[in-house]
Amino acid sequence: MSEQQDRQAEGYDFRAIQDRWLPVWEDLRPFEAGKAGDDRPKKYVLDMFPYPSGDLHMGHAEAFCFGDILARYWRGRGYDVLHPIGWDSFGLPAENAAIKRGVDPREWTYANIEQQKASFRVYAPSFDWSRVLHTSDPEYYKWNQWIFLKMYEKGLAYRKASWVNWDPVDQTVLANEQVLADGTSERSGAVVVKKKLTQWYFRITDYADRLLDDLDQLEGKWPTKVLNMQRNWIGRSRGAEVEFEIEGREQRVPVFTTRPDTLHGATFMVVAPDSDLAAELAAGASPEVRMQFQAYLEQAQKQSEIDRQNADREKTGVFLDHFAVNPVNGERIPVWAADYVLADYGHGAIMAVPAHDQRDLDFALKFELPVRVVLDVRGEDGESLPDPVESGVALAGDGTLVNSAELDGLSKADAIARAVEILEERGTGRAATTYRLRDWLISRQRYWGTPIPILHAEDGSMQPVPESALPVVLPSSEGLDLKPKGTSPLGGATEWATVVDPETGATLTRDPDTMDTFVDSSWYYFRFLSANDGTQAFDPAEAKKWAPVDQYVGGVEHAILHLLYSRFITKVMHDLGYIDFEEPFLDMLNQGMVLLDGAKMSKSKGNLVEFASELRDHGADALRVTLAFAGPPEDDIDWADVSVQGSAKFLARAWRLADDVQGSGSAPGASFASGDAALRRATHRLLADAPGLVEQYKFNVVVARLMEQVNVTRKAVDSGCGAADPAVRESVEAIAVILSLFAPYTAEDMWAKLGHEPTVALVTWPEADPALLVEDEITLVVQVDGKVRDRLTLPASVSAEDAEAAARASAAVQRAVGDRAVVNVVVRVPKIVSIATKPAA
RNA sequence: GCCCCCAUAGCCCAACCGGCAGAGGCAGCCGACUUAAAAUCGGCACAGUCAGGGUUCGAAUCCCUGUGGGGGCACCA
């Protein structure tokens, strides 16, 4: 057998390496956190838990790769790291699969979980498998119900009748957050319609200010994009509430405006057609107006959300035959109903200032209502802008108040402040804030979710299920009609739904709805702390030890939904006294998507890269290195741009170095001090730079640095100091330790070849030696008028004076300066000397 | 309409507080090994940083304007 073949036979074989180490790790269980007596500092690294719809896909591979890099990194830095895994296993896909294929949602769900667990086993993220949870287990959702009861006690869970988003395909209501900007359901893609229903809500709007203001604490720690999205979503808007009298009506009508400065320009009022006020005013109008209003209301409700949101749409409305009185000037203004005013924002009514609001102007021009300019707005040329009636453009800018009595002459900002004062003095208004955010609608008319722990009596009264009776266990799906029909399948489980009150003997009925699955995921990071505790949702002492989550990793698709709900529930837990912090996730990494040929992968488009086949063909390590190396983790990865073969080649190169060291007779534990100085410097630069790079999520750069280190070490082995040199061992050990973040199998095998015991995952990183980071010589660049003219090799300790003298002495520099006069010399040792000149006098 | 992010070799991407545009990879080319190929190894070449203006001794980096791309919010008063 030739040496060549011999080598090949012993070559890098990822399958053999995986098979070698998997059983060893499963035996060692190295990633169980919080063992007794472990007093290392703590880190809680969490990946957003997966939904079990089939096997893992490339998106999972990416997200869990990044989370695992960070978990393994902090272990290497000497931390006790909690890195748990669980499944977000309630939800519609299970139910839809059940309907389509006639299987039990429970069976379908748990079979998928088993498949994902098996894939994770090979992919080998460093999970603590002793804390696994599934939100569809009664042991978990019991605590959803407990949270619901706590919130019910505090008045944070309530029921109301309202116009809700209705998904006609899934036949259930949706939260606002689940309706996309185009008016379709994020789940089914159906066009969402409005329905008036009585539903359960969580009062998240009570927390709007805190949810918004606390985002400031996350600045620089969360992606700006996510902070921005949350701010937009909460949509705080400050202004004033102004009360208008309506002739013939006892109570005054409040409206919200951000522009109380323009009160004198309010020439009509508009109410939302689907508001109670509109119905009341129409009822008191002439039969003719009543009929017009009825027709208008019906037509408005038929509009789809998409049509409604089209801003170019022509304004419509009907006069309600009533007049309001402007509180600042006593003027009578007509009251209209128009669908450009929304019933559920502010008070469902506005004061219309057509001169200074484009929507009001459009309406006024269409229905020939008066327009009064109250703010003199100037253009760039200093001239007053043309009259809105002429131009059709409302004057939205800043200016000086006119036609506004006591406000005349004030600027916009001053007038806003003064107007609020005046309103407050007269008792007809006050400063006010409104939000875009609405309360969180949590009931769903579907089966596969957490039953709402409420009992209904025949007289319509409600009582909570006592805590001692939890969990309210979801009944078997057998015999239930799961098909979407607009009412909850649980209503059909008569035996389950009927309860006899032990005290009164009265017959009670269980609430047939289940909770939005975002309730499940809004607190799961607490449950991991006490996953096996049957007596409480989580142990506050464990929370004190581990929480909040130090590092969260997940997709930006949850930027609003899951993250907002989680922040809300965390604040509620804080207010209930269970925890002493208010933000659940201190740092967050949002990974990009894995694309193929520029498009999102999907089976229907036929551009699918299968996780399972990639894992089989290339192994976990090559896959993980490819994902980490593809670019910044936040960016999308196009699978067409990357090379898994290239990653495998790199891993084989790294592995062969360990093989060479093993073959050289080098033994572990010896001093590195006598090793090759140049290689040692390279190794220590890597050790010095890698932590900062990982902490800045520059995983691609760390992999590049590892490649570089492998390259220089290869050179040292082949044409330098040779494999037996201590510096080579030092370098390869450093490579193995850092590589273990990205390629745990290969690194473990290298570690063993270097003569160490498993596992490299628990090895504390070697410290960089500062003495090896200083160079003796530096290259000083000399610029003349911004152009590089010479490079000088000088001692690293060179003084500014000596550097300048050397620069001036350079022949190349003197040539560049010529007979021009030197006007400025900037010296920045040890980097650069910059000489500025001007023509000789 | 309002707000946010991005733009560097053919491609994916580096470049610290403003200081030599290149770390790494893919693809390409040349060479070694091989009967040959693959694998492996060695080497080479490639842009002046989207455009225009400004600040500065010095700009990929800071500021302004524009173009292109991506994202969030939107008849929200």
Side-chain angles (χ1 to χ4, degrees), chain A residues 4 7-8 11 181 223-237 239 255-259 262 270 272 308-313 315 338-342 344-353 356-360 362-363 396 434-438 556 559-560 592 625-626 629-632 634-638 640-643 645-647 649-650 652-653 656 689 692-693 696 698 700-711 714-715 718-719 779-791 822-828 830-837:
Chain A
Q4 184 73 23
R7 218 180 161 55
Q8 209 124 59
T224 47
K225 185 180 171 181
V226 175
L227 296 174
N228 191 20
M229 284 167 76
Q230 293 228 346
R231 289 188 177 113
N232 276 341
W233 188 261
I234 296 165
R236 181 162 64 196
S237 144
V255 304
F256 176 75
T257 178
T258 54
R259 296 294 304 277
T262 62
V270 186
R308 255 189 68 85
Q309 286 177 6
N310 181 0
D312 302 332
R313 220 171 102 234
K315 292 282 181 289
D339 65 2
Y340 80 92
V341 172
L342 308 176
D344 59 354
Y345 185 77
H347 298 284
I350 62 156
M351 63 176 217
V353 185
H356 304 288
D357 182 286
Q358 192 60 46
R359 295 154 302 184
D360 296 343
D362 295 343
F363 193 83
T434 55
Y435 304 88
R436 221 190 67 87
L437 181 71
R438 305 297 148 80
V556 75
I560 295 170
V625 166
T626 304
F629 184 58
E634 302 86 348
D635 290 3
D636 291 346
I637 297 172
D638 194 325
D641 291 334
V642 301
S643 165
Q645 285 85 357
S647 305
K649 200 161 95 179
F650 157 65
R653 278 168 64 78
R656 273 195 302 272
D689 293 348
L693 291 170
Q696 292 171 74
K698 294 186 174 182
N700 54 327
V701 181
V702 180
V703 175
R705 291 292 300 273
L706 283 168
M707 290 173 170
E708 192 183 359
Q709 186 69 19
V710 167
N711 290 344
R714 179 86 259 159
K715 238 172 238 168
D718 289 348
S719 53
T779 303
L780 183 89
V781 173
V782 187
Q783 290 182 354
V784 179
D785 295 324
K787 288 199 177 70
V788 178
R789 294 300 185 182
D790 203 0
R791 284 152 226 251
V822 173
V823 292
N824 190 18
V825 179
V826 178
V827 183
R828 293 276 181 277
K831 293 226 133 178
I832 200 161
V833 171
S834 179
I835 297 171
T837 70

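Below, chain A is the first sequence line, B the second, and so on; all start at residue 1. None of the values given here were measured: they were computed from a predicted structure.
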Separation between the C1' atoms of B/G66 and B/C6, rounded to whole Å: 16 Å
Whole-Å C1' distance, B/U67 and B/A51: 7 Å
Counter-base of B/C16, judged by Watson-Crick or G-U geometry with both distances under 3.5 Å: none
Spacing of A/Asn711 atom CG relative to B/G43 atom C1', expressed in whole Å: 13 Å
Euclidean distance, A/Lys225 NZ relative to A/Leu227 CG, rounded to 0.5 Å: 12.0 Å
Gap between atoms CG and C1', on A/Asp718 and B/G43 respectively (whole Å): 15 Å
Touch class at under 4.0 angstrom, heavy-atom based, for A/Arg438 against every strand present: base
Nucleotide forming a Watson-Crick or wobble pair with B/U34, both distances under 3.5 Å: none
Gap between atoms CZ and P, on A/Arg231 and B/C73 respectively (whole Å): 15 Å
Inter-residue atom distance A/Arg705.CZ - A/Asp689.CG, 0.5 Å rounding: 4.5 Å
Who pairs with B/U67 - Watson-Crick or G-U, where each distance is under 3.5 Å: B/A7
Assigned glycosidic conformation for B/C33 [threshold 90° from 0]: anti
Shortest non-hydrogen separation from A/Ala338 to A/Val270 and the atoms involved: CB-CG1, 3.5 Å
Pairing nucleotide - B/G58, Watson-Crick or G-U, each distance under 3.5 Å: none
A/Asp638 CG to B/C26 C1', straight-line distance once rounded to whole Å: 13 Å
Side chain of A/Asp641 (C-beta onward), nearest among B/G24, B/C12, B/A77: B/C12
Closest-nucleotide ordering on RNA chain B, the 5'-leading residue of A/Trp233 and A/Asp344: A/Trp233
Within-4.5 Å side-chain heavy-atom neighbours: A/Arg714 and A/Arg656: yes
Pairwise distance CD1(A/Ile234) to CD1(A/Ile560) - rounded to 0.5 angstrom: 9.5 Å
Set of side chain to side chain donor-acceptor pair (under 3.5 Å) partners for A/Arg789, sequence neighbours left out: none
Interatomic distance where CG belongs to A/Asp339 and C1' belongs to B/A77 [whole Å]: 14 Å
Closest contact, heavy atoms only, A/Ser237 versus A/Phe256: O-CZ, 3.4 Å
Closest non-hydrogen atom pair, A/Met229 against A/Ala559: CE-CB, 3.5 Å
Note, A/Val556 side chain near A/Glu634 side chain (heavy atom, < 4.5 Å): no
Side-chain heavy atoms of A/Phe650 within contact of A/Leu706, under 4.5 Å: yes
Sugar-phosphate only, base, or nothing, as touched by A/Lys787 at under 4.0 Å among non-hydrogen atoms: nothing
Identified pairing partner of B/C29, criterion: Watson-Crick or G-U wobble below 3.5 Å: B/G43
Separation of the P atoms in B/C33 and B/G42, to the nearest angstrom: 15 Å
Between B/A38 and B/A32 - C1' atom distance, rounded Å: 15 Å
Distance test, side-chain N/O of A/Arg714 to OP1/OP2 of B/G42, below 4.0 Å: no
Student check: side-chain heavy atoms of A/Val353 and A/Arg259 closer than 4.5 Å: no
N/O donor-acceptor pair under 3.5 Å between A/Asp785 side chain and A/Thr837 backbone: yes
Nucleotides 48-53 of chain B: protein proximity per nucleotide (B base, S sugar-phosphate only, - neither; heavy atom, under 4.0 Å): ------
Atom-to-atom span, CG of A/Leu706 to P of B/G25 - whole angstrom: 12 Å
Distances for protein N or O near nucleotides 1-9 of chain B N or O, under 3.5 Å:
residue: B/C4; atom: O4'; partner: A/Asn228; partner atom: ND2; Å: 2.9

Assigned glycosidic conformation for B/G69 [threshold 90° from 0]: anti
Aromatic plane relationship, A/Phe363 with A/Tyr340 - under 30° parallel, 30 to 60° tilted, over 60° perpendicular: tilted
C1' atoms of B/C17 and B/G1, separation to the nearest Å: 38 Å
Show each protein N/O and nucleotides 14-18 of chain B N/O combination with a separation under 3.5 Å, one pair to a line.
residue: B/A14; atom: OP1; partner: A/Asn700; partner atom: ND2; Å: 3.4
residue: B/A15; atom: OP1; partner: A/Lys698; partner atom: NZ; Å: 2.8

Touch class at under 4.0 angstrom, heavy-atom based, for A/Arg705 against every strand present: nothing
Rounded P spacing from B/U40 to B/A59 in Å: 43 Å
C1' gap between B/C30 and B/A15, integer Å: 29 Å
Pairing partner of B/C2 (Watson-Crick or G-U wobble, both distances under 3.5 Å): B/G72
Non-hydrogen side-chain atoms of A/Arg653 and A/Asn711 separated by less than 4.5 Å: yes
C1' atoms of B/U49 and B/U61, separation to the nearest Å: 10 Å
Side-chain heavy atoms of A/Thr626 within contact of A/Ser643, under 4.5 Å: no
Candidate nucleotides B/C75, B/C26, B/A77, ranked by approach to the side chain of A/Ser643 - the nearest: B/C26
Is there any protein nitrogen or oxygen under 3.5 Å from a nitrogen or oxygen in nucleotides 60-62 of chain B, and what are the pairs?
none

Closest non-hydrogen atom pair, A/Asn700 against A/Pro632: ND2-N, 3.7 Å
Stepwise side chain to side chain contact (heavy atoms under 4.5 Å, CB included) test for A/Ile350 and A/Asp360: CA-CA 10 Å; A/Ile350 62 156; A/Asp360 296 343; 3.5 Å; yes
Distances under 3.5 Å only, N/O to N/O: pair up the protein atoms with those of nucleotides 56-58 of chain B.
residue: B/C57; atom: O2; partner: A/Ser834; partner atom: OG; Å: 2.3

Closest-nucleotide ordering on RNA chain B, the 5'-leading residue of A/Gly348 and A/Phe629: A/Phe629
Below 4.0 Å: OP1/OP2 of B/A77 and any side-chain N or O of A/Ser237: yes
Side chain of A/Tyr340 (C-beta onward), nearest among B/C75, B/C73, B/G24: B/C75
Length of the CZ-P vector between A/Arg236 and B/A77, whole Å: 13 Å
Spacing of A/Thr257 atom OG1 and A/Met351 atom CE [to the nearest 0.5 Å]: 4.0 Å
Spacing between A/Gln696 atom CD and B/C13 atom P, to the nearest angstrom: 18 Å
Pairwise distance CZ(A/Arg828) to CG(A/Leu780) - rounded to 0.5 angstrom: 12.5 Å
